[in-house]
Protein chains: 2
Amino acid sequence: MSTETPTEPHGAASPAPSPSGALSRRDQILREAARLFAERGFHGVGVDEIGAAVGISGPGLYRHFAGKDAMLAELLVGISERLHEGGRMRLAEAVAADAPATEALDALIAGHIDFALNDRALITLHDRELDRLRDADRKRVRRLQREYVELWVSVVREVHPELDEAEARTAVHAVFGLLNSTPRLSRPAALPDQAVTAALLHRLARGAFAAGAVRNGTAPDGIRPD
Amino acid sequence: MSTETPTEPHGAASPAPSPSGALSRRDQILREAARLFAERGFHGVGVDEIGAAVGISGPGLYRHFAGKDAMLAELLVGISERLHEGGRMRLAEAVAADAPATEALDALIAGHIDFALNDRALITLHDRELDRLRDADRKRVRRLQREYVELWVSVVREVHPELDEAEARTAVHAVFGLLNSTPRLSRPAALPDQAVTAALLHRLARGAFAAGAVRNGTAPDGIRPD
DNA sequence: TCCTGCGGTTAATGTTCGTTAACCTCGCTC
DNA sequence: GAGCGAGGTTAACGAACATTAACCGCAGGA
């Protein structure tokens with residue numbers, strides 16, 4: 001509960017991932033905490049376990065974080081920011097390059113896939129442990145999430161104007177669910193190959209949006225694109 | 001831990017939902033527990049809360065269940081069985097009616113959507129709290145999940161023979177993620193209309209599979225080495 | 001009318017767990 | 001080479017919580 005951040009080395013949020021190669025102790029902790037939280041849930045992991053995962057024990061964590069909550073908060077805020085910022089950047093690039101909207105959408109999809117495949121634990125946490133956050137942090141994360149969704153919605157509606165606002169939003173959420181499904185794919189090794197999987201997911205996402213926009217009769221066999 | 005099931009009124013698993021109208025106390029408890037577990041996670045909910053949600057308090061639950069674990073187990077096993085059984089039945093019907101594979105796939109999709117929209121809490125639990133189960137129950141649930149997936153994979157490959165086994169499985173998992181995304185859609189009220197949403201999700205799912213099967217040259221080039 | 005068992009109650013118990021206290025030991029800097 | 005702060009350690013504390021104990025009222029059949 002203490003809002004005083006007793007022993008926080010860094011001032012605020014700058015991740016400062018690593019100067020080179022090795023991670024700082026602080027980042028080691030974040031990485032392991034993310035993995036454990038994703039595996040067994042926030043309440044299912046004890047601080048002793050997190051400590052053990054980085055070779056120190058229990059209360060030693062308090063030299064780096066104000067508490068267990070603070071770790072989760074930093075993880076969730078960090079993800080949301082990176083996702084949002086990544087999306088914003090890719091979109092800005094596409095606009096700057098005068099690219100068609102379909103390319104912008106592809107860029108968003110590719111970016112999200114990249115994230116989903118490389119930060120599985122964080123993706124899992126992202127929509128699983130949000131409510132454990134303090135009010136301020138939760139609001140921040142939600143705002144970033146909302147803005148990220150709106151980014152997608154605007155591009156999707158540009159590519160598929162037949163979709164109204166609500167449909168586009170639902171479709172975007174659904175495609176997020178689709179893209180974020182890989183962490184639930186039992187084992188990393190079960191995936192054929194990262195590149196193959198990425199390409200497949202990309203096709204699935206594009207196809208979903210395209211089909212969502214086609215509001216024809218009930219004929220299931222009429223859905224031949226091209 | 002006690003494997004002795006001290007005070008279990010029913011012998012085994014028969015849900016026996018309700019004779020008419022009102023739910024039995026036992027089913028009330030299951031319903032509220034599902035909701036709470038989905039909202040705040042298994043470890044995030046106390047037995048007192050579950051009790052309060054049905055108007056009795058705390059340890060009164062132990063007249064109906066052997067423990068908190070038993071509630072979760074019954075919920076998860078129940079979902080898996082209903083999902084699996086529903087899929088198996090729809091598939092059998094399609095086969096009996098000599099329907100084309102696309103219709104069988106549509107039946108699977110429609111059934112899953114129905115489930116996702118009507119049992120949001122259970123869907124959420126389904127892939128979130130599996131590891132909290134005792135070994136026996138977890139294996140049972142996993143087997144049912146696996147068989148359910150295989151059901152889908154076989155039909156999907158019939159409809160889209162271009163997909164190899166691994167791709168089809170990944171696609172099926174991804175589409176599950178897509179269909180299961182509605183619980184994460186902040187508010188139930190945010191959905192336009194259940195029927196509209198169901199139709200949209202159905203189109204998205206069909207489109208995803210169709211696009212997944214088309215491995216053409218218009219590369220998304222999603223894989224950009226950073 | 002008695003008694004039995006179902007479905008409750010509150011109080012107690014034992015454990016787990018987050019957090020704090022108190023203490024220690026290096027590696028640096030003056 | 002004294003001092004000191006960063007980053008550990010173990011022990012202690014207190015709250016939360018699942019589970020059990022002990023007790024109770026009452027519906028309904030004998």
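From a predicted model like this one, the values you see are computed outputs, not experimental measurements. Proteins come first, then strands; the chains are lettered A, B, ... in the order of their sequence lines, and each starts at number 1.
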For atom [atom1] of [X] and atom [atom2] of [N], their distance in whole Å:
{"X": "B:Phe65", "N": "D:dT20", "atom1": "CZ", "atom2": "C1'", "value": "19 Å"}
{"X": "B:His43", "N": "D:dC17", "atom1": "NE2", "atom2": "P", "value": "13 Å"}
{"X": "B:Asp48", "N": "D:dA15", "atom1": "CG", "atom2": "C1'", "value": "14 Å"}
{"X": "B:Tyr62", "N": "C:dA11", "atom1": "OH", "atom2": "C1'", "value": "15 Å"}
{"X": "A:Phe42", "N": "C:dG18", "atom1": "CZ", "atom2": "P", "value": "8 Å"}
{"X": "A:Asp69", "N": "C:dT20", "atom1": "CG", "atom2": "C1'", "value": "16 Å"}
{"X": "B:Asp27", "N": "C:dG7", "atom1": "CG", "atom2": "C1'", "value": "16 Å"}

Q) Would a 4.5 Å heavy-atom cut-off, applied to side chains only, mark B:Phe37 and B:Thr124 as touching? A) no
(Q) Do A:Leu179 and A:Phe115 have side chains that approach each other closer than 4.5 Å (heavy atoms only, starting at C-beta)? (A) no
What pairs of nitrogen or oxygen atoms, one from the protein and one from nucleotides 24-29 of chain C, lie under 3.5 Å apart?
none

Residue pair [X] / [Y]: nearest heavy atoms and the distance that separates them:
{"X": "B:Ala33", "Y": "B:Ile50", "value": "CB-CG2, 4.1 Å"}
{"X": "B:Ala168", "Y": "B:Val156", "value": "CB-CG1, 4.5 Å"}
{"X": "A:Val153", "Y": "A:Arg169", "value": "CG2-CA, 3.8 Å"}

Q.
Just to verify, which of A:Arg31, A:Arg26, A:Arg25 counts as forming a side-chain contact (heavy atoms from CB on, under 4.5 Å) with A:Ile29?
A. A:Arg25
Q. With B:Phe176, which residues qualify under ring-ring contact (aromatic ring centres under 6.0 Å, His included), at least two apart?
A. B:His112, B:Tyr148, B:Trp152
Show each protein N/O and nucleotides 8-13 of chain D N/O combination with a separation under 3.5 Å, one pair to a line.
| unit_1 | atom_1 | unit_2 | atom_2 | d |
| --- | --- | --- | --- | --- |
| D:dG8 | OP1 | A:Arg25 | NH1 | 2.7 |
| D:dG8 | OP2 | A:His64 | NE2 | 2.6 |
| D:dG8 | N7 | A:Arg63 | NE | 3.0 |
| D:dG8 | O6 | A:Arg63 | NH2 | 2.4 |
| D:dT9 | OP2 | A:Ser57 | N | 2.9 |
| D:dT9 | OP2 | A:Ser57 | O | 3.4 |

**Q.** Under 3.5 Å side-chain donor-acceptor pair for A:Asn118 and A:Gln194
**A.** yes
Q. Across the strands shown, which category fits B:Val54 at heavy-atom distances under 4.0 angstrom: base, sugar-phosphate, nothing?
A. nothing
Q | Criterion salt bridge (Lys or Arg N to Asp or Glu O under 4.0 Å) against A:Arg157, the qualifying member of A:Glu150, A:Glu165, A:Glu167 | A | A:Glu165
